[in-house]
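Every number for a ligand or one of its atoms is a count from 1 in the order of the listing.
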Amino acid sequence: MRNIYSNILKVNNKNLSKAINYLEKKELIGVPTETVYGLAGNAYSTKAVKKIYLLKKRPFKNPLIIHYYNLEQLRKDVELNDNFFKLFKKFSPGPITFVLKKKKKSLLSNLATAKLETVAVRFPKNKILRKILKSLNFPLAIPSANKSSHISPVSAEDVFQEFYNSVKIILNDGPCEIGLESTVIDLTSKPKILRPGFIGPVNISKVLNRKITINTNSRIIKAPGMLKRHYSPGIPMKLNQKKAKNNEAFIVFGKKYKKEKNIFNLSYKSNLNEAAKNLYRTLRLIKNRNYKMICVCPIPQTGIGIAINDRLNRAAK
Ligand code: TXA
Ligand code: MG
């Protein structure tokens with residue numbers, strides 16, 4: 001019998017070479033990162049980048065994050081500034097994305113940046129992805145490896161469930177360490193968080209020595225991609241619920257909840273990092289079990305709880 005997961009490859013030297021060869025041929029591959037799994041392609045090639053948009057069914061006006069190995073590579077494409085250096089030194093490589101001004105002579109495909117004058121850039125921490133980036137002579141455009149507006153993938157199997165045989169190589173590095181997308185911070189003027197993540201406003205404020213605001217609810221959508229409805233399981237959701245009916249899925253947090261078939265606990269220990277790691281896996285599980293309604297208990301709005309609530313709010317739209 002054919003292995004239905006034949007596209008999911010374990011990481012060894014042979015498979016890494018194969019993956020690198022695919023990227024050099026302007027093909028796409030599924031890659032692990034510390035945040036969520038991504039769909040990677042050559043960011044200097046419009047041919048490769050176009051494949052990303054088409055496969056994800058992503059609107060062309062929603063720009064991609066460009067992933068780099070080091071500063072030397074980055075300098076060719078964007079203008080760096082003091083705030084960037086401070087945050088880079090403290091948090092990179094890691095789950096933070098910086099929006100910076102694009103250089104005129106940048107080789108980035110205009111499609112990857114949705115023709116904007118800014119670029120979102122990130123240095124991922126995942127060791128396998130860093131090995132790949134190191135051996136390439138171009139950066140990678142890597143959005144989350146899900147169809148546009150769907151739940152982001154946190155395992156190689158999730159990526160397979162999104163794209164089946166359209167992605168020929170998915171490198172398997174087990175479940176993602178963090179489980180939520182990177183923090184996106186705009187550094188082109190007064191620093192603003194555009195998408196909350198593991199690295200929160202308090203951590204960033206300390207490094208920059210100023211108060212940092214979160215801008216995701218602004219009426220002016222700064223990034224074309226800060227779409228209101230996102231991360232969606234395609235099932236109606238009710239947030240801040242105290243209880244749920246037996247035929248509804250109930251997502252809870254903390255040990256005061258009973259163990260029932262329809263109760264999905266993000267963290268018995270009331271640990272927000274654990275809850276973040278379990279969130280997308282749980283939403284996908286509930287979707288696969290064909291529930292018609294999801295209720296969610298209140299989640300504390302502190303630390304990575306801010307990012308969890310941001311994703312829940314968008315998923316519920
Ligand atoms: O953790 C992550 O960042 C993951 C992993 C795979 O690295 N990637 C990811 O990419 O979440 P994606 O495409 O799913 O989300 C990218 C976000 C979008 O909301 C997009 O609008 C925003 O970054 N973005 C990209 N370029 C931008 C720009 N120039 N200005 C503002 N926002 C930008
Ligand atoms: Mg995404």
Worksheet item: Considering only heavy atoms, does Asp186 approach ligand 1 within less than 4.0 Å through its side chain, its backbone, both, or neither?
Response: neither

Response to the item:
Looking at Ile142, Ile178, Thr118, the heavy atom closest to atom 6 (C) of ligand 1 belongs to Ile142

Fill in: Numbered atoms of ligand 1 (with element) below 4.0 Å of Ile65, judged on heavy atoms
3 (O), 9 (C), 10 (O), 16 (C), 23 (O)

Practice prompt. Hey, can you tell me if Phe123 and Tyr68 have their rings parallel, tilted or perpendicular (30° and 60° cut-offs)?
Written response: tilted

Worksheet item: Counting no waters, how many protein N/O/S atoms sit under 2.8 Å from the Mg ion (ligand 2)?
Response: 1

Worksheet item: Quick one: do Arg314 and Asp310 make a salt bridge, cutoff under 4.0 Å?
Response: yes

Item to complete: Mark up the atoms of ligand 1 that fall under 4.0 Å of a heavy atom belonging to Leu116, in ascending order.
Response: 29 (N)

Worksheet item: Is the closest N or O pair between Ser182 and ligand 1 shorter than 3.5 Å?
Response: yes

Fill in: Any residue meeting salt bridge (Lys or Arg N to Asp or Glu O under 4.0 Å) with Glu177, in chain and number order, not counting sequence neighbours
none

Practice prompt. Any atoms of ligand 1 less than 4.0 Å from a non-hydrogen atom of Ser144? List them with their elements.
Written response: 8 (N), 9 (C), 10 (O), 12 (P), 14 (O)

Worksheet item: Do Lys102 and Glu79 pass the salt bridge (Lys or Arg N to Asp or Glu O under 4.0 Å) test, and can you show the C-alpha distance, the side-chain angles, and the key distance before you say yes or no?
Response: CA-CA 6 Å; Lys102 185 161 105 172; Glu79 309 279 358; over 6 Å; no

Worksheet item: Passes side chain to side chain donor-acceptor pair (under 3.5 Å), Thr33 versus Arg122? Steps please.
Response: CA-CA 11 Å; Thr33 89; Arg122 161 160 135 80; 3.2 Å; yes

Item to complete: Enumerate the atoms of ligand 1 whose separation from the nearest heavy atom of Thr35 is less than 4.0 angstrom.
Response: 1 (O), 2 (C), 4 (C), 5 (C)

Worksheet item: Which residue from Lys101, Glu181, Arg195 reaches closest to atom 15 (O) of ligand 1 through any of its heavy atoms?
Response: Arg195

Worksheet item: Where on Lys102 is there a heavy atom closer than 4.0 Å to ligand 1, on the side chain, on the backbone, on both, or on neither?
Response: neither

Fill in: For the student: nearest non-hydrogen atoms of Asn247 and Tyr291, plus distance
O-CD2, 3.5 Å

Worksheet item: Of Val184, Ile204, Ile199, which meets side-chain contact (heavy atoms from CB on, under 4.5 Å) against Ile193?
Response: Ile204

Item to complete: For ligand 1, find out whether one of its N or O atoms is nearer than 3.5 Å to an N or O atom of Lys56.
Response: no

Discussion item. For the 3.5 Å polar cut-off, considering only N or O atoms, please tell me whether Tyr37 and ligand 1 meet it.
Written reply: no

Discussion item. Show the atoms of ligand 1 that are less than 4.0 angstrom away from any heavy atom in Leu194.
Written reply: 31 (C)

Worksheet item: Is the NZ atom of Lys147 crowded by more than 12 outside heavy atoms at less than 6.0 Å?
Response: yes

Worksheet, complete the sentence: Numbered in order shown, the ligand 1 atoms found under 4.0 Å of a heavy atom of Val99 are 30 (N), 31 (C)

Worksheet item: Can an N or O of Arg122 be found at a distance shorter than 3.5 Å from an N or O of ligand 1?
Response: yes

Worksheet item: With a 4.0 Å cut-off, would you call Lys292 and Glu248 a salt bridge?
Response: no

Worksheet, complete the sentence: Separation between NZ (Lys56) and CG (Leu64), nearest 0.5 Å, reads 8.5 Å

Item to complete: Decide whether Ile251 and Ile263 are clustered together by the hydrophobic rule: side chain heavy atoms of Ile, Leu, Val, Met, Phe, Trp, Tyr closer than 4.5 Å, transitively.
Response: no

Fill in: Residue part near ligand 1, for Thr113, under 4.0 Å between non-hydrogen atoms
neither

Worksheet item: Is there a donor-acceptor pair closer than 3.5 Å between any side-chain N or O of Ser267 and the backbone N or O of Phe253?
Response: no

Worksheet entry | Electrostatic pair Asp158:Arg284 at N-O distance under 4.0 angstrom | yes

